[in-house]
Amino acid sequence: MLKIGLTGSIGMGKSTAAKLFADAGIPVNDSDAVVHDLYAGEAAPLVNAAFPGTMKDGAVDRHELGRQLALHPDGFKRLEAIVHPLVRKREREFVKRQRATGADMVLLDIPLLFETGAEARVDIVVVVSTDPQIQRQRVLARPDMSEEKFNMILSRQTPDAEKRRRADYLIDTSHSVAVTRERVLEIVADLKTRIAKGDFRNA
């Protein structure tokens with residue numbers, strides 16, 4: 001079973017691309033959704049132990065956690081040490097379930113794919129990108145977003161040019177959703193052809 005790693009910097013349109021892969025019939029494991037789920041359950045007490053005051057009503061208060069991380073950016077390493085192993089466990093369970101159903105490929109939506117070395121866990125890397133000005137407009141239009149927060153997030157992410165260079169496939173979301181859908185369907189068709197030809201014998 002082929003494992004596709006989907007990644008892209010903040011505001012590049014990765015969530016839209018992931019949904020289009022799902023619409024095309026590819027099972028998707030969304031790391032962000034997994035983190036949300038973990039923050040509402042098993043990760044909450046662990047995060048609260050490392051960042052006191054971040055748990056409210058049994059779940060992680062993301063606003064408070066973000067506030068603490070903005071004040072002490074070195075805390076990102078502690079947070080990742082808690083959350084990443086739990087996310088990887090869920091990912092393995094997802095892959096196992098899909099393999100059991102006979103799926104020929106799955107998509108792993110991993111925002112920090114290159115930053116965490118996750119490219120070693122996938123067979124193909126798809127990078128979502130757009131014009132920097134479009135990216136900036138999208139991100140700054142989000143609630144609770146500021147220039148400072150945007151720049152902090154970017155500083156923790158592999159530069160877009162580097163992601164593009166390391167991609168097996170590139171999706172440019174600068175245009176309409178219809179154009180993006182066309183590109184996703186192209187990639188899916190190409191991968192199906194390559195699977196049929198036996199290009200991924202060890203996948």
Side-chain angles (χ1 to χ4, degrees), residues 1-10 12 14-66 68-69 72-128 153 156-158 163 166-169 187-188 191 195 200-203:
M1 184 178 71
L2 187 74
K3 294 192 286 294
I4 307 162
L6 180 75
T7 196
S9 299
I10 185 170
M12 292 300 196
K14 182 176 59 59
S15 297
T16 298
K19 185 180 181 304
L20 294 171
F21 274 99
D23 290 347
I26 308 303
V28 173
N29 184 66
D30 181 344
S31 293
D32 279 341
V34 170
V35 170
H36 275 278
D37 190 51
L38 288 168
Y39 277 3
E42 64 183 295
L46 302 173
V47 172
N48 192 60
F51 303 90
T54 54
M55 186 166 75
K56 290 180 183 165
D57 301 321
V60 173
D61 179 336
R62 296 174 76 99
H63 183 76
E64 173 58 21
L65 178 61
Q68 291 194 26
L69 289 170
H72 306 286
D74 56 316
F76 277 107
K77 292 285 183 202
R78 272 183 295 142
L79 181 63
E80 288 165 2
I82 295 165
V83 177
H84 287 178
L86 296 173
V87 172
R88 283 197 291 272
K89 180 171 175 280
R90 293 282 187 97
E91 182 188 290
R92 286 193 299 271
E93 290 165 354
F94 167 81
V95 169
K96 188 178 176 183
R97 282 196 309 275
Q98 296 304 325
R99 186 172 274 123
T101 69
D104 58 353
M105 64 176 98
V106 295
L107 184 129
L108 306 177
D109 180 345
I110 307 174
L112 297 176
L113 183 136
F114 291 120
E115 294 83 348
T116 61
E119 72 270 26
R121 306 201 304 272
V122 299
D123 306 298
I124 287 290
V125 172
V126 177
V127 168
V128 182
I153 292 168
R156 296 183 55 246
Q157 297 185 335
T158 299
K163 285 177 178 163
R166 295 168 71 179
D168 294 300
Y169 293 91
I187 293 170
V188 170
L191 288 174
I195 288 169
F200 305 107
R201 296 184 194 284
N202 299 318

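Please read all numbers here as calculations on a predicted model, not as lab measurements.
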So does Lys3 pair up with Glu91, basic N to acidic O under 4.0 Å?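 Here Lys3 does not pair with Glu91 in a salt bridge, since their nearest N and O are not under 4.0 Å apart.
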
So, Arg156 and Glu80, do they make that salt bridge, N to O below 4.0 Å?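 So Arg156 pairs with Glu80 through a salt bridge.
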
Do the side chains of [Y] and [X] get nearer than 4.5 Å, heavy atoms only?
X: Leu65; Y: Leu79; result: yes
X: Val106; Y: Met1; result: yes
X: Asp23; Y: Leu20; result: yes
X: Leu69; Y: Phe51; result: yes
X: Met55; Y: Val47; result: no
X: Arg121; Y: Val95; result: no
X: Asp37; Y: Arg90; result: yes
X: Leu191; Y: Tyr169; result: yes

Partner of Ser31 under side-chain contact (heavy atoms from CB on, under 4.5 Å), chosen from Leu6, Leu112, Leu108, Ile110: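 Result: among Leu6, Leu112, Leu108, Ile110, Ile110 is the only option passing the side-chain contact (heavy atoms from CB on, under 4.5 Å) with Ser31.
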
Given Asp109, which of Val34, Asp30, Asp32 fulfils the side-chain contact (heavy atoms from CB on, under 4.5 Å) condition?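 The residue from Val34, Asp30, Asp32 that satisfies side-chain contact (heavy atoms from CB on, under 4.5 Å) with Asp109 turns out to be Asp30.
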
Hey, is the main chain of Gly53 close enough, under 3.5 Å, to the side chain of Asn48 for a donor-acceptor pair?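 Yes; at least one donor-acceptor contact below 3.5 Å.
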
Is there a donor-acceptor contact under 3.5 Å linking the side chains of Lys163 and Thr7?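 No, Thr7 and Lys163 have no side-chain donor paired with an acceptor closer than 3.5 Å.
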
Is a side-chain donor-acceptor pair under 3.5 Å present for Thr54 with Glu64?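 Result is no, nothing qualifies.
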
Evaluate the side chain to side chain contact (heavy atoms under 4.5 Å, CB included) criterion for residues Gln68 and Asp61: first the C-alpha distance (whole Å), next the side-chain angles of each, then the deciding distance (0.1 Å), finally the verdict. CA-CA 11 Å; Gln68 291 194 26; Asp61 179 336; over 6 Å; no

